[in-house]
Protein chains: 2
Amino acid sequence: MPLGFAPTAERILDVAERLVQTQGFNGFSYADISSELKITKASLHYHFATKADLGTQLIARYHERFQAALDAIDGESDDARRKLRRYGQLYADVLRTRRLCLCGMLASDYATLPKPMKDGVRAFFDASEAWLTRVIEEGRHAKALRRDGPANETARMVVSSLEGAMLVARSYDDVQRFESNAERLFADLEAPPSRREHASR
Amino acid sequence: MPLGFAPTAERILDVAERLVQTQGFNGFSYADISSELKITKASLHYHFATKADLGTQLIARYHERFQAALDAIDGESDDARRKLRRYGQLYADVLRTRRLCLCGMLASDYATLPKPMKDGVRAFFDASEAWLTRVIEEGRHAKALRRDGPANETARMVVSSLEGAMLVARSYDDVQRFESNAERLFADLEAPPSRREHASR
DNA sequence: GTCTATAACGAGATAGAC
DNA sequence: GTCTATCTCGTTATAGAC
């Protein structure tokens, strides 16, 4: 714990976030947070009046932080291939804690979500797609990536492939399975499509 | 309704299957099935003593039917590229009814599932991977598919990419988004990696 | 901002009549 | 095989004291 404790609302969000990422939005309750933080359910309702409120703010915070991570990647390098790998690592880091992407998980609960949460989930995917589209276009311009169909379609494929790879890999508790999928995915985006070597494992 | 009504247990499974595929295992209740079939909850418990029983039999039936569909594909053609497209259509057909793959959905609920259901989900993925691995090996032997890393890793990528593509596409209620992803995925598996044309849309 | 207490409802599940 | 009735517990949420 660095400087300044997280106010109660932040701690609630921290626990709720982990619960949603592991159990899904319909797989946890205020009682779960209550017992873990040793604060009553009534107090939770003071900070987040309804579960829908909690969920909506969960998405907003997650989206903000994710976007900040993408901005950080932009600052690290100009190589699209490298940026894509870092993007994949963002997912792998989540999976290592045995969680799914918050919005990937919520996408599975989508039909049961209140409208504001549905909108938040799509906004998250849209933002990921937009960032990836730009990176892919940059990579193509630098002749680092293949020109192969619209960049935004490639971006969509990257998002959904990684979400799916997390989902399946978690059932096997096997981060390697995710990383193997991700590496093949990224390698396939690279130019030229002729011959390239593979990562040793 | 052709010949022979489905016995009650089958009708229960039909409704439960749709509910799980749309809402998730923690997103529906016996009361939902009860009201839809106009049969009491007590009667449901006669056929499936616990929700875990119901879930386990749901997976078993889904797995059986899916395997039968794969066997049918094997009987239709010898072209690996064609078989892969048919495999993708299996998923697209599910998505068109606004459902996810039963086991893809259950993978998101994985942490909250009883052990027999967890085992069933993995068995389903294992079977899909095994079928795809064989098809990919056949396709490589026939020089229709690229030799690019272990066939079973390619198979894993196909499974998880399609599961993820369904998940995301459903949030947009956009089957096209899935189909576009699937087509690009399959096209990338084909040989030679040099130049190939794209489907017009 | 946190508490006790409780409302109001829905969940999975069971007993026992028909 | 389906029913009525009921149990027990968990759920989201609120009222009002401290």
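Computed over heavy atoms, backbone and side chain alike; hydrogens, waters and symmetry mates excluded. Labels below follow one simple rule: chain letters A, B, ... track the order of the sequence lines, proteins then strands, and each chain is numbered from 1.
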| Does a sphere of radius 6.0 Å around CZ in B:Arg98 hold more than 12 heavy atoms from other residues, nucleotides or ligands, not counting ones at 6.0 Å or beyond? | no

| query | Among A:Gln89, A:Arg170, A:Met166, whose side-chain contact (heavy atoms from CB on, under 4.5 Å) with A:Val94 holds? | reply | A:Met166

| task | Let me know the distance between NZ of A:Lys51 and P of C:dC9, rounded to the nearest Å. | result | 19 Å

| said: Counting only side-chain nitrogens and oxygens, does A:Tyr46 get under 4.0 Å of the OP1 or OP2 atom of C:dG1? | reply: yes

| said: Please confirm whether the shortest side-chain N or O distance from A:Thr40 to OP1 or OP2 of C:dT2 is below 4.0 Å. | reply: no

| field | Pair B:Glu76 + B:Arg86: basic N to acidic O under 4.0 Å | value | yes

| Closer than 4.0 Å, any side-chain N/O of B:Ser29 to the OP1 or OP2 of C:dA11? | yes

| said: Distance check needed: D:dT12 C1' versus A:Asp53 CG, whole Å only. | reply: 12 Å

| When all nucleic acid strands are considered with a 4.0 Å heavy-atom cut-off, which category describes B:Ala42: base, sugar-phosphate, or nothing? | base

| query | Under 6.0 Å from the CZ atom of B:Arg82, do we count more than 12 heavy atoms belonging to anything else shown? | reply | no

| request: Let me know the distance between OH of A:Tyr30 and P of C:dA8, rounded to the nearest Å. | output: 20 Å

| request: Mind checking A:Ser43 for me? I need base, sugar-phosphate or nothing, with any heavy atom below 4.0 Å counting as a touch. | output: base

| message | Using whole Å, what does the distance between atom P of nucleotide D:dT11 and atom CZ of A:Phe25 come to? | response | 14 Å

| query | For C:dT2, does OP1 or OP2 lie under 4.0 Å from any side-chain N or O of A:Thr8? | reply | yes

| message | Can you measure B:Ile33 atom CD1 to C:dG12 atom C1' for me and round it to whole angstrom units? | response | 12 Å

| Euclidean distance, atom CD of residue A:Gln23 to atom P of D:dT11 [Å, nearest integer] | 11 Å

| request: Whole angstrom is fine here: how far is it from CG in B:Asp32 over to P in C:dG10? | output: 11 Å

| Is A:Phe48 touching bases, backbone alone, or none of the nucleic acid, heavy atoms closer than 4.0 Å? | nothing

| field | OP1 or OP2 of C:dT2 under 4.0 Å from side-chain N/O of A:His45 | value | no

| message | Which residue is it: A:Phe124, A:Phe25, A:Tyr62? I am looking for the one with a side-chain contact (heavy atoms from CB on, under 4.5 Å) to A:Leu106. | response | A:Phe25

| query | Rounded to whole angstroms, how far apart are NZ on A:Lys38 and C1' on C:dT4? | reply | 19 Å

